[in-house]
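Read the numbers this way: they start at 1 and go in the same order the structure lists the ligands and their atoms. Just so you know, residue 1 is the first one in the sequence shown, and it goes up from there.
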Amino acid sequence: CVHLSATPESAVSPYACQRRTTLENHNKIFTEALEVLALNSEFSGNQGSCLGFRRAASVLKSLPAALRSPEEALRLPCLGDNSRAVLEEICECGSSSRVEEIQNDQRYRTMKLFCSVFGVGPKTAESWFCRGLKTFEQVLTEPSIRLNRMQTAGFLFYEDISVPVSRAEAAALKMMMEEALLFINPSATVTITGGFRRGKEFGHDVDFIIKAPEGQEDRILPAVIKRFKSQNVLLYSDFQKSTFDLRQLPNHRFEAMDRFSKCFLLVKLQMQESRTGRNWRAVRVDLVAPPLERFPYALLGWTGSTLFERDLRRFARLERGKLLDNHTLYDKTTKTFLPANTEEDIFQHLGLEYIEPWQRNA
Ligand code: CTP
Ligand code: MN
Ligand code: MN
Ligand code: MN
């Protein structure tokens with residue numbers, strides 16, 4: 001391991017939005033263990049402990065070198081007793097007995113399996129597990145279970161969706177999107193957001209944000225869906241029309257979804273050859289189309305990572321008396337909305353150094 005003092009006493013911020021977190025993780029053995037603990041807490045409905053482990057993992061991801069000893073963790077923020085105990089054990093034994101116990105736990109394994117299906121979250125997974133179901137086959141043959149449309153598609157295309165989407169595939173989908181927009185409205189543009197904008201090589205889906213001319217944002221997504229349908233490339237679509245209201249204050253609850261026009265899709269991506277004998281594979285695609293003047297907030301909100309977004313909002317509220325969400329930024333003191341043309345403007349309003357998308361992998 002490299003010694004941390006390579007960076008002299010520069011303190012690590014407890015806010016992910018004040019850290020630069022690239023994809024180069026020097027503390028994988030620790031962060032992977034902490035993320036197992038976080039997921040296990042999430043599956044047990046223990047959100048506080050889940051967030052605690054996620055924050056601890058995120059701090060370690062931002063470090064310029066590997067932790068050499070558990071004592072080094074003492075001067076890091078967000079590392080509680082539970083997280084530090086895990087680091088200690090890994091430093092001493094190379095692994096954590098608690099993490100291994102969880103990974104062998106029937107409930108954890110089953111919850112993880114069920115949650116890997118598109119449309120299945122911890123609540124549904126738990127209800128299935130509590131009925132004694134442990135495999136997909138048992139779920140699919142259980143007469144009392146009624147799958148919704150999303151879950152049905154999730155099982156139908158499970159093999160395809162569980163293969164990570166590559167950067168090349170994301171680029172091919174972007175061309176599909178561009179072709180559709182050229183047909184629908186040539187002055188609309190599409191930008192890749194989510195994990196691929198942060199530089200990831202693979203993703204579980206591809207996220208796109210559409211910039212439409214003023215007043216046209218609500219028509220774009222239904223037109224894209226119609227176009228994909230007519231091309232026979234649409235396997236599933238869940239369109240949510242805009243409930244956006246210009247005058248609404250930002251929502252401090254991070255879990256609340258934004259109110260922009262958006263859709264969650266499963267599309268056919270053309271391929272040269274395939275294990276399945278088809279010339280296409282199913283890929284998850286998310287689209288959002290905000291009003292033009294809200295584009296920078298939406299872009300910032302959809303770029304992630306999730307923890308980075310959460311901390312941006314927490315920082316705005318607790319350190320700056322401002323409310324931020326995917327729609328807008330509001331100053332509680334002056335009772336005004338703060339305008340922005342770019343993401344840089346939003347960081348500036350918050351008195352934060354600009355963090356590039358590839359440094360937001362918190
Ligand atoms: N997001 C959002 N509102 C939604 C769905 C997603 O604001 N209704 C945001 C999330 O907060 C996240 C970003 O969109 O910041 C991307 O979400 P997601 O695709 O789930 O995660 P990625 O970071 O792209 O990871 P992956 O590569 O696995 O897709
Ligand atoms: Mn490095
Ligand atoms: Mn994504
Ligand atoms: Mn997504």
Side-chain angles (χ1 to χ4, degrees), residues 16-17 21-23 25 35 38-39 42 51 54 57-58 61 112 115-122 150 153-154 160-171 173-174 177 190-210 221 236-244 250-267 269 282-290 294-316 324-329 343 346 355-362:
C17 56
T21 313
T22 64
L23 289 164
N25 178 359
E35 274 159 3
L39 196 57
E42 186 182 338
L51 193 53
R54 291 240 158 89
S58 175
K61 282 183 196 170
K112 207 177 153 175
C115 286
S116 72
V117 179
F118 175 51
V120 179
M150 193 186 246
D160 278 8
I161 304 172
S162 54
V163 176
V165 186
S166 71
R167 198 162 257 291
E169 289 175 314
L173 283 160
K174 183 166 189 261
M177 283 300 303
V190 64
T191 306
I192 288 200
T193 172
F196 285 110
R197 184 159 183 253
R198 302 196 307 275
K200 281 175 63 174
E201 287 301 323
F202 294 95
H204 90 282
D205 67 0
V206 190
D207 306 282
F208 292 107
I209 182 167
I210 294 170
L221 296 186
Y236 169 87
S237 73
D238 172 13
F239 169 65
Q240 305 189 349
K241 78 180 207 307
S242 170
T243 54
F244 177 67
N251 192 328
H252 74 279
R253 279 196 56 237
F254 176 73
E255 290 75 13
M257 274 214 208
D258 66 46
R259 296 180 298 272
F260 297 132
S261 170
K262 58 174 144 334
C263 57
F264 308 105
L265 310 177
L266 257 183
V267 305
L269 179 64
V283 181
R284 278 272 302 110
V285 173
D286 290 343
L287 306 177
V288 61
R294 302 312 170 99
F295 183 83
Y297 307 96
L299 179 63
L300 179 60
W302 279 72
T303 299
S305 68
T306 306
L307 196 70
F308 189 88
E309 301 300 333
R310 184 186 277 280
D311 274 9
L312 260 180
R313 294 179 186 202
R314 192 167 60 110
F315 178 87
L324 173 72
D325 69 5
N326 285 5
H327 317 92
T328 192
L329 176 61
E343 288 181 313
I346 302 169
I355 308 287
E356 299 283 353
W358 49 272
Q359 300 170 326
R360 298 180 202 164
N361 288 289

Original post:
Going by the order shown, which atoms of ligand 1 are within less than 4.0 Å of some heavy atom of Gly195?
Top reply: 22 (P), 23 (O), 24 (O)

Subject >> Polar atom proximity, Asp286 to ligand 1 (N or O, under 3.5 Å) >> reply: no

Subject >> Atom of Thr303, atom of Pro357 and distance for their closest heavy-atom approach >> reply: CG2-CB, 4.2 Å

Subject >> Numbering as shown, the atoms of ligand 1 that approach Arg198 to under 4.0 Å (heavy-atom distance) >> reply: 23 (O)

**OP:** Mark up the atoms of ligand 1 that fall under 4.0 Å of a heavy atom belonging to Gly304, in ascending order.
**Re:** 15 (O)

**OP:** Measure the distance from atom 28 (O) of ligand 1 to every protein heavy atom, then report the residue, atom name and distance (to 0.1 Å) of the closest one.
**Re:** His204 ND1, 2.9 Å

Original post:
Yes or no on side chain to side chain contact (heavy atoms under 4.5 Å, CB included) for Phe264 and Ser237, after CA distance, side-chain angles and deciding distance?
Top reply: CA-CA 6 Å; Phe264 308 105; Ser237 73; over 6 Å; no

**OP:** Just say parallel, tilted or perpendicular for the rings of His327 and Phe244, cut-offs at 30° and 60°.
**Re:** parallel

Subject >> Check against side chain to side chain contact (heavy atoms under 4.5 Å, CB included), Glu42 and Arg54 >> reply: CA-CA 10 Å; Glu42 186 182 338; Arg54 291 240 158 89; 3.2 Å; yes

Original post:
Does the side chain to side chain contact (heavy atoms under 4.5 Å, CB included) test come out yes or no for Arg197 and Asp207, once each step is laid out?
Top reply: CA-CA 9 Å; Arg197 184 159 183 253; Asp207 306 282; over 6 Å; no

Subject >> Exercise: identify the closest heavy-atom pair between Tyr236 and Ala153 >> reply: CD1-CB, 4.0 Å

Subject >> Angular separation of OD2 (Asp207) and OD1 (Asp205) seen from the Mn ion (ligand 3), to 10° >> reply: 100°

**OP:** State the atoms of ligand 1, each with its element, that fall below the 4.0 Å cut-off from a heavy-atom position in Lys200.
**Re:** 25 (O), 26 (P), 27 (O), 28 (O)

**OP:** Name the option, out of Phe202, Trp302, Phe260, that contains the heavy atom nearest to atom 1 (N) of ligand 1.
**Re:** Trp302

**OP:** For Met257, take its heavy atoms, then give the atoms of ligand 1 lying under 4.0 Å from any of them.
**Re:** 8 (N)

Original post:
Which of the listed options, Gly203, Gly301, Ser305, holds the heavy atom that is closest to atom 11 (O) of ligand 1?
Top reply: Gly301

Subject >> Test item: Val288 and Asn326 side chains (from C-beta on) under 4.5 Å apart, heavy atoms >> reply: no

**OP:** Report the distance from atom CG of Leu307 to atom CG of Leu312, rounding to the nearest 0.5 Å.
**Re:** 10.0 Å

Original post:
Among the N, O or S atoms that Asp286 has, which is closest to the Mn ion (ligand 4)?
Top reply: OD2

Subject >> Polar side chain donor-acceptor pair, Arg313 to Asn251, under 3.5 angstrom >> reply: no

**OP:** With heavy atoms under 4.0 Å as the rule, classify the contact between Thr193 and ligand 1 as side chain, backbone, both or neither.
**Re:** neither

**OP:** Can you sort out which atoms of ligand 1 are near Asp205, meaning under 4.0 Å from one of its heavy atoms?
**Re:** 19 (O), 29 (O)

**OP:** Could you tell me whether Asn326 and ligand 1 have an N or O pair separated by under 3.5 Å?
**Re:** yes

